[in-house]
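Okay, structure first, notes after.
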Amino acid sequence: MPLLKKLFRFRPHPLQNHPLIDLIDEGLILLDKKGKICAANGAAVSFLDLPKRYLLGKECSEVDSPLLRHCLALLRSCQKHDCPATDSFQSDKGKKGYLEITVLSQNKKGALFLFRDKSSHQKILEMGKDFVSNASHELRTPITIIKGFAETLQDLPELSLEMLSVITEKIVRNCHRMEKLIKSLLTLADLENIPTNRFQPCDLIALVEGCRHLLLPKFPGATLELITEEKEALVWADPDILELAILNLLENGAKYSEAPARLSVLIERKEKEMMLVVQDKGMGIAEEALDHLFDRFYTVNKAHSRKLGGAGIGLSIVKTIIQKLDGTISVASKPKEGTAFTIHLPFSK
Ligand code: ADP
């Protein structure tokens, strides 16, 4: 049996039997001078999605793997220029993801392939790109509208007063929309650098009362009921950003309800933290949308949100704030019945 004989003659590199080799997160493959795989750790096996016994002793060029073919191409460049070579590789087999490969070789004595999982790094880069593209898109729409109307004013200076008023109203409305979006984007950026020395005991009841005074003039006829048995509900937070989060939820409750909105806030002391629930009896949210609700720029109905001056940033600001305060937020909703956002926050220190 030639294959058995072949396997019998093969001696794995001593590194292969070292117990630490499988504890490394990076994938590692060692080739001997003939190009045979003489060591492979657990991480490499999972990136390649091939069993270790199949790899060991095999000529690297014989293994049917796009990742190893990529490594061999890098090895040739590495040997040609006599220096390590690095490249990226998108894996869709085994441990799926984005890998950084480094290939090292020494005077044709052998070679070492290293695989580092860069998927989370790549994800952050992609999220950054998505963010810029979404933000640009949201800003481009009002700019296009303003530009169109401003050009009309330029080209037709003899417009009636009535038309002038319609056009200027549209320009002003879109300027407000842009201003609001830029303010939200700056708030999101600022939240990344909130210093914890601003944290202090904050009374949720007083904060909700503060929000009531900011909310009700904007939504005439709306009602806000505060339900609690507590006299004081102290949490450990930055009062400004916590107020912003609660106000955002209340404004959404009013925005996505038929006027006059009926809102309530429940505050309850739990065993380990304080609970605050903002509830409305508005249009509700379809179940399939709930998973995406806190994503940046997500809106259930883009046209409806735009009409109300929203761009899908509000809830991502709320979630970022609650996470900064070491709290949690969840949502429950039923279409045509209403929505409830539940926040848990740590007690005041
Ligand atoms: P927007 O600025 O569009 O309101 P948000 O991030 O605040 O953005 O909300 C995201 C989406 O979630 C909204 O477009 C809306 O469809 C939905 N939503 C948020 N709050 C409520 C609510 N209380 N009732 C119904 N839908 C809501």
Side-chain angles (χ1 to χ4, degrees), residues 127 130-131 133-142 145 173-191 208 211-212 214-216 218-219 221-227 241-266 276-324 327-343:
M127 275 166 64
D130 282 354
F131 183 76
S133 115
N134 280 324
S136 316
H137 182 76
E138 288 299 328
L139 284 169
R140 206 170 57 189
T141 314
I145 296 172
R173 183 143 49 89
N174 279 283
C175 285
H176 283 314
R177 190 170 141 196
M178 268 198 315
E179 191 186 19
K180 190 173 163 213
L181 179 62
I182 290 169
K183 229 167 120 186
S184 301
L185 295 176
L186 290 175
T187 305
L188 259 182
D190 282 350
L191 283 174
V208 171
C211 290
R212 181 198 297 279
L214 296 168
L215 178 84
L216 295 186
K218 276 201 204 169
F219 298 92
T223 54
L224 169 58
E225 186 187 4
L226 175 60
I227 309 160
I241 62 169
L242 182 52
E243 184 184 82
L244 182 65
I246 298 172
L247 188 61
N248 241 303
L249 294 179
L250 288 168
E251 281 188 348
N252 272 353
K255 258 172 37 181
Y256 297 105
S257 293
E258 238 175 71
R262 280 175 298 146
L263 309 172
S264 66
V265 174
L266 167 74
L276 179 144
V277 185
V278 175
Q279 190 147 21
D280 65 64
K281 294 190 164 31
M283 59 192 284
I285 302 162
E287 201 184 336
E288 60 273 18
L290 291 177
D291 282 348
H292 308 284
L293 216 60
F294 296 101
D295 294 352
R296 286 176 188 182
F297 296 103
Y298 179 79
T299 51
V300 176
N301 179 334
K302 196 125 238 142
H304 187 223
S305 277
R306 277 199 182 143
K307 232 161 95 186
L308 300 171
I313 303 272
L315 286 180
S316 66
I317 291 182
V318 174
K319 182 155 188 186
T320 309
I321 291 175
I322 300 303
Q323 284 174 337
K324 287 272 160 199
T328 57
I329 180 163
S330 58
V331 57
S333 187
K334 261 201 172 158
K336 296 191 187 142
E337 286 188 19
T339 304
F341 287 91
T342 302
I343 293 174

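Just follow the structure's listing: the first ligand is 1, and inside any ligand the first atom is 1.
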Which of the atoms of ligand 1 are close to [X], meaning less than 4.0 Å from one of its heavy atoms?
X: G284; value: 25 (C)
X: T299; value: 3 (O), 14 (O)
X: V300; value: 14 (O), 16 (O), 17 (C)
X: I313; value: 6 (O), 8 (O)
X: Y298; value: 10 (C), 11 (C)
X: G312; value: 1 (P), 2 (O), 3 (O), 6 (O), 8 (O)

Could you identify the single nearest non-hydrogen protein atom to [atom] and state the distance to 0.1 Å?
atom: atom 12 (O) of ligand 1; answer: L293 CD1, 3.4 Å
atom: atom 14 (O) of ligand 1; answer: S305 OG, 2.7 Å
atom: atom 23 (N) of ligand 1; answer: D280 OD2, 2.9 Å
atom: atom 5 (P) of ligand 1; answer: L315 N, 3.5 Å

Report yes if the side chains of [X] and [Y] come closer than 4.5 Å at any heavy-atom pair, otherwise no.
X: Y256; Y: V300; answer: no
X: N134; Y: R296; answer: no
X: L266; Y: L276; answer: no
X: L315; Y: L249; answer: yes

| said: As a test of understanding, state which of T223, L216, L215 forms a side-chain contact (heavy atoms from CB on, under 4.5 Å) with L263. | reply: L215
Regarding ligand 1, does [X] bring an N or O atom to under 3.5 Å of one of the ligand's N or O atoms?
X: S316; value: no
X: G314; value: yes
X: Y256; value: yes

| remark: Taken to the nearest 0.5 Å, the spacing of N252 CG from T339 OG1 works out to 9.0 Å
| task | State the OG-CG distance between S257 and D280, to the nearest 0.5 angstrom. | result | 4.5 Å
| So which of L249, N252, I285 gets nearest to atom 27 (C) of ligand 1, if we judge by its closest heavy atom? | I285
| task | Specify side chain, backbone, both or neither for A311, according to which of its non-hydrogen atoms lie closer than 4.0 Å to ligand 1. | result | backbone
| Using heavy atoms and a threshold below 4.0 Å, how should the contact between T339 and ligand 1 be classified: side chain, backbone, both, or neither? | side chain
| field | Parallel, tilted or perpendicular, as decided by the 30° and 60° cut-offs, for the rings of F297 and F131 | value | tilted
| Flag if over 12 foreign heavy atoms under 6.0 Å of CZ, R262 | no
| If you measure from the Lys or Arg side-chain nitrogens to the Asp or Glu carboxylate oxygens, is any gap between K218 and E251 under 4.0 Å? | yes
